[in-house]
Number of protein chains: 2
Amino acid sequence: MTSLSISAIRPFIRKLEAFRTISDEERSDLEALPMQITEIRADQDLVREGDRPSRCCVLLRGFGHTYKMTEDGKRQITAFHVPGDMPDLQSLELQYLDCSIGTCSPSVVGFIPHEALREICRLRPQLAAVFWRTTLVDASIFREWMLNIGRREAYNRVAHVFCELLVRLNAVGLARNHSCEMPFTQIEFADATGISTVHVNRMIQDLRSAGLIVLRGGMLTAPDWAGLKAAGGFDPGYLHMERALAA
Amino acid sequence: MTSLSISAIRPFIRKLEAFRTISDEERSDLEALPMQITEIRADQDLVREGDRPSRCCVLLRGFGHTYKMTEDGKRQITAFHVPGDMPDLQSLELQYLDCSIGTCSPSVVGFIPHEALREICRLRPQLAAVFWRTTLVDASIFREWMLNIGRREAYNRVAHVFCELLVRLNAVGLARNHSCEMPFTQIEFADATGISTVHVNRMIQDLRSAGLIVLRGGMLTAPDWAGLKAAGGFDPGYLHMERALAA
DNA sequence: CGAGCTTTTGATCCGAGTCAATCTTCGTGG
DNA sequence: CCACGAAGATTGACTCGGATCAAAAGCTCG
């Protein structure tokens, strides 16, 4: 398992490097983290609202999402996760999990005990700062999503989500030529943008006929990146990727 | 100014204590932080999107908000701030400010140089963890707001915002008997909930005639707290205030 | 006491939701 | 290799929550 893990955690380290250089010592400490690596089917919850986890998960392959439900059963997706993300890093400091996290595609997930993460943070304050930074970037993305959901029209909302996913996947080496894997369903886009499935479908068709996206067979391509960015009102500043200036 | 600052930063320390006990040594280190304390009028920006601040601000008295604008000038408020909050603590780790922060009422704000905060974090890792924690709680609130904006009806959205403000103000000793100061305008509630000013006004009137709120003269009272919570679908878990279990 | 905000009210309109099929896709088992 | 079933994608018809527009009414403060 060890050899598997060292190669498997590559997306994790690449994600951290998008925000700050990782030194060789830090890298080897990261590679030495005890990590239980597991394959998980699509549409499985990793953790649920109300849990009090004793470990964090790292998405090593596949896609996921964080979501919350209203009392009457409506779902809001608050984040999409791509390889390298630590979707519940917050649980290291906050006992109570205020949201649920699940897979959207067949995935490989690594679980790291809280105590191991606390130890590496204690020994390498620089790494602790990088972890903090990733949660701050997550928060920045939340703010942008609030703007998206609260103040943009449906058409622009959907375009914005596609822009963000292209840039984030590009940053971890999973997009080329404005093209990437895109396994989320229209139901998931609907719950992420705060609109209905039917309407998402119509907006996607509008984006298609405007020549801004090609979306089929689980692949997304943006033949007119400038046009898609304009449609989404997308400015990547909120992703805080000075280092990995996206395509 | 020193004596002023020691009493003035009380709300700041009280806020941190809502999340974790602050030891005497930590408290005196906090009190020793170099802080430039300034009175600021209502509706002034403290920082603007695109800034690269070299200090953080602490709201010591008054109310504020964080907001973003779409390209076509629509505003989304992503957070309300109450005394004790550090609305741009993120700038300690993220160079680029992705949002603007301003006052909503006449306020007293303390400015702390980044270097001083970095120093106290280095010397007192426990305090660094508390700071991290406050940003994680902010992120949790963002997630709840996304749920609010994306998936609740206007009536429930407005009720939810009132619930949250009552609980947060209670936690810093600024609410009694489900009653607190409430200087935000209906325009601000509109931009926070993603609906129009006119509709906010109608929802407030509905909440009034349902006997759930009394809102006038800058004061909010919830005569039927259980009813208001139900209307907002409000569950305070996301505020992570195990310690200061709110009224 | 008047200017400039907010808050309120009324009338009208439209973006998006809901409902109900139908059509595709795709994995599964025969 | 194909039939079958389930899930997702699409389409059309109709409805509605909330936006927009326009005015009037209250407040606050210089």
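Below, chains carry the letters A, B, ... as their sequence lines are ordered, and counting in each starts from 1. Only a predicted model underlies this, so the values are computations on that prediction, with no experimental measurement involved.
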* **Pairs meeting criterion salt bridge (Lys or Arg N to Asp or Glu O under 4.0 Å) with involvement of residues 212-225 of chain A, two or more places apart** => none
* Do any pairs count as a salt bridge (Lys or Arg N to Asp or Glu O under 4.0 Å) and have a residue in residues 176-187 of chain B, sequence neighbours left out, and if so which ones? -> none
Could you tell me the separation between the [atom1] atom of [X] and the [atom2] atom of [N], rounded to a whole number of Å?
| X | N | atom1 | atom2 | result |
| --- | --- | --- | --- | --- |
| Ile204(A) | dG8(D) | CD1 | C1' | 11 Å |
| Arg151(B) | dA16(C) | CZ | C1' | 11 Å |
| Asp43(B) | dG4(C) | CG | P | 16 Å |

How is [X] classified with respect to the nucleic acid when contacts are heavy atoms under 4.0 Å: base, sugar-phosphate, or nothing?
| X | result |
| --- | --- |
| Ile187(B) | sugar-phosphate |
| Ser196(A) | base |
| Gly218(B) | nothing |
| Gly194(B) | sugar-phosphate |
| Arg41(B) | nothing |

Contacts of [X] that satisfy salt bridge (Lys or Arg N to Asp or Glu O under 4.0 Å) - sequence neighbours left out:
| X | answer |
| --- | --- |
| Asp138(A) | none |
| Asp45(A) | Arg48(A) |
| Arg202(A) | none |
| Arg55(B) | none |

* To do: Check DNA chain C against residues 68-78 of chain A and give the residues with a non-hydrogen atom under 4.0 Å, in numerical order.
  => none
* Asked: Looking at dT10(D), dT6(C), dT8(C), which one has an atom nearest to any side-chain atom of Arg208(A)?
  -> dT10(D)
* Mind checking whether Phe80(A) and Phe184(A) have ring centres under 6.0 Å apart? -> yes
* In chain order, what residues pass the side-chain hydrogen bond (donor to acceptor under 3.5 Å, both in side chains) check against Thr103(B), with sequence neighbours excluded? -> none
* To do: Output all residues satisfying side-chain hydrogen bond (donor to acceptor under 3.5 Å, both in side chains) with Ser196(A), sequence neighbours left out; order by chain, then residue number.
  => none
* **Basic-acidic side-chain contact under 4.0 Å: Arg151(A), Asp191(B)** => yes
Please tabulate, for side-chain N and O atoms in residues 155-166 of chain A, each donor-acceptor pair with protein atoms closer than 3.5 Å (sequence neighbours left out).
| residue | atom | partner | partner atom | Å |
| --- | --- | --- | --- | --- |
| Arg157(A) | NE | Asn148(A) | O | 3.4 |
| Arg157(A) | NE | Arg152(A) | O | 2.8 |
| Arg157(A) | NH1 | Thr193(A) | O | 2.7 |
| Arg157(A) | NH2 | Ile149(A) | O | 3.2 |
| Arg157(A) | NH2 | Arg152(A) | O | 3.3 |
| His160(A) | NE2 | Glu144(A) | OE2 | 3.0 |
| Glu164(A) | OE1 | Trp145(A) | NE1 | 2.9 |
| Glu164(A) | OE1 | Tyr238(A) | OH | 2.6 |
| Glu164(A) | OE2 | Trp145(A) | NE1 | 3.4 |
| Glu164(A) | OE2 | Arg168(A) | NH1 | 3.0 |

Polar pairs (N or O, both sides) under 3.5 Å between protein and nucleotides 9-15 of chain C?
| residue | atom | partner | partner atom | Å |
| --- | --- | --- | --- | --- |
| dT9(C) | OP2 | Gln205(B) | OE1 | 2.1 |
| dT9(C) | OP2 | Gln205(B) | NE2 | 3.0 |
| dG10(C) | N7 | Arg202(B) | NH2 | 2.6 |
| dG10(C) | O6 | Arg202(B) | NH2 | 3.4 |

* Structure fact -> When the rotation axes relating C1' atoms of four end pairs to the next four are compared across the helix from dC1(C)-dG30(D) to dG30(C)-dC1(D), five pairs an end, they differ to 10° by 50°
